[in-house]
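These numbers come from a predicted model, not from an experiment. These numbers come from the heavy atoms of this one structure, side chains and all, not from hydrogens, waters or symmetry mates. Along the sequence shown, residues are numbered consecutively beginning with 1.
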Amino acid sequence: MAEEAAQEQTDPTASRPVRCIVKLGGAAITNKGELESIDAVSLRSACAQLRQAMSHGGAAGKVVGMDWSRRPGDPTDPVVDVEGLSEMGGLGLDSNFVVVHGAGSFGHFQASRSGIHKGGLHSTLVKAGFVATRISVTSLNQEIVRALAREGIPSVGMSPFACGWSTKQRNLASVDASQIMQSLHVGFVPVLHGDAVLDELLDCTILSGDVIIRHLAQLLSPKYVVFLTDVHGVYDRPPSDPNAVLLREIAVDENGSWSIVKPALKGNKKGVEISVAAHDTTGGMETKILEAAAIARLGVDVYITKVGTEHSLRALNGDTSSEDWLGTVIRSSG
Ligand SMILES: Nc1ncnc2c1ncn2[C@@H]1O[C@H](COP(=O)(O)OP(=O)(O)OP(=O)(O)O)[C@@H](O)[C@H]1O
Ligand SMILES: C=C(C)CCOP(=O)(O)O
């Protein structure tokens, strides 16, 4: 496997089927109630588990730290073992993953205060809000890329707005994925994020990470897609309700409509009840279920589970078949 990884890194034309597209949910990696606050423990755990999944559960060799910048408070410049690294054959990681993260307590606040999801760039408030939202989400992107790089994952940040992505009435209209493809070919892990973008009809809007994932799934046909968030999966009602039941399996038919397969909910005629935080500009769990259903319709299984648990590691390994796995599987009924 190490040889294969090394060969893929040097041959830009080699085809690299994507194993997994993973969403690091904003609710999972930030403290949603506290403005621009990262949940460092969850972020570290997600990055460590991604590395483990890229090593196929085995011990990947030595971690090659790739964050060579000085952090606030560091007394000296980082030490880089240039000789040791130049003698290494390859990273020994099966790194054909794409990471997309949400905004959580970064970006949503600026977006909802200025109303940029509804467009109207002629207004000074919206223009300022667009700038403020992008400052906030790109600073989170930088922190996530650094956290992955510290785990030795060759991650490169890519902003949809800066890559020229735009929408029409909030649906993706123009997408240049060439940078993503080329980066995958040479062994990088692209790290995209929900972003403020230009919209052909509204002037501007917010593009959710969940929508980006659906589009990438269409384009890259991954083996599976994982959504990591702050709850165990989709419940029949907001999980703050003590009677909420975790939905283990949702099936999506060829028309895109979905139904609960497991567990059988007796007397539940309402389907799934969802609550969305007031400052959330992209629809929260509701958007996630819709996008996950669209991905499942493509024949790609989707796993939604809680970050930093044994279940998230199993999902990242594509191993959710046993009864004791805690999460929601969304798959095609066909
Ligand atoms: N029926 C439901 N099932 C599961 N979660 C629900 C439900 N209704 C509301 N929620 C809430 O949805 C939240 C997760 O969705 P959210 O979109 O915030 O996740 P995320 O993708 O991690 O964050 P972000 O959108 O910021 O990237 C949970 O905190 C949960 O409380
Ligand atoms: C800039 C913002 C608010 C991006 C939102 O992305 P999401 O959290 O994935 O829905």
Residues in side-chain contact (heavy atoms from CB on, under 4.5 Å) contact with [X], at least two apart in sequence or another chain:
{"X": "V245", "value": "D236, P263, L265"}
{"X": "K168", "value": "A173, E200, L201"}
{"X": "D81", "value": "K62, E83"}

Under the ring-ring contact (aromatic ring centres under 6.0 Å, His included) rule, what pairs show up with a residue in [range], not counting sequence neighbours?
{"range": "residues 139-167", "result": "F130-F161"}
{"range": "residues 101-120", "result": "H101-H193"}
{"range": "residues 74-94", "result": "none"}

Validation row: Q52, N317 side chains within 4.5 angstrom (heavy atoms): no
State, yes or no, whether a side-chain contact exists between Y224 and R19 at a heavy-atom distance under 4.5 Å. yes
Pairs in or reaching into [range]: which pass salt bridge (charged side-chain N to carboxylate O under 4.0 Å, His left out), with residues at least two apart or in two chains?
{"range": "residues 220-233", "value": "none"}
{"range": "residues 207-219", "value": "K23-D210, D210-K288, R214-E291"}
{"range": "residues 250-260", "value": "none"}

To the nearest 0.5 Å, atom CG of D39 lies from atom CZ of R44 at 9.5 Å
Return the CG to CG distance between N96 and L220, rounded to the nearest 0.5 Å. 10.5 Å
Applying side-chain hydrogen bond (donor to acceptor under 3.5 Å, both in side chains) to S166 and not counting sequence neighbours gives none
Does a donor on one side chain sit under 3.5 Å from an acceptor on the other, for [X] and [Y]?
{"X": "D280", "Y": "T282", "value": "yes"}
{"X": "R314", "Y": "T305", "value": "no"}
{"X": "D324", "Y": "S322", "value": "yes"}
{"X": "E34", "Y": "S105", "value": "no"}
{"X": "S37", "Y": "N31", "value": "yes"}

Enumerate donor-acceptor pairs with a distance under 3.5 Å from any side-chain N or O in residues 148-157 to protein atoms, sequence neighbours excluded.
unit_1	atom_1	unit_2	atom_2	d
R150	NH1	D67	OD2	3.1
S155	OG	V145	O	3.2
S155	OG	I153	O	3.3

So, using salt bridge (charged side-chain N to carboxylate O under 4.0 Å, His left out) as the criterion, who are the partners of R70 when residues are at least two apart? D77
Check this for me: does any side-chain nitrogen of one of R134 and D195 sit under 4.0 Å from a carboxylate oxygen of the other? yes
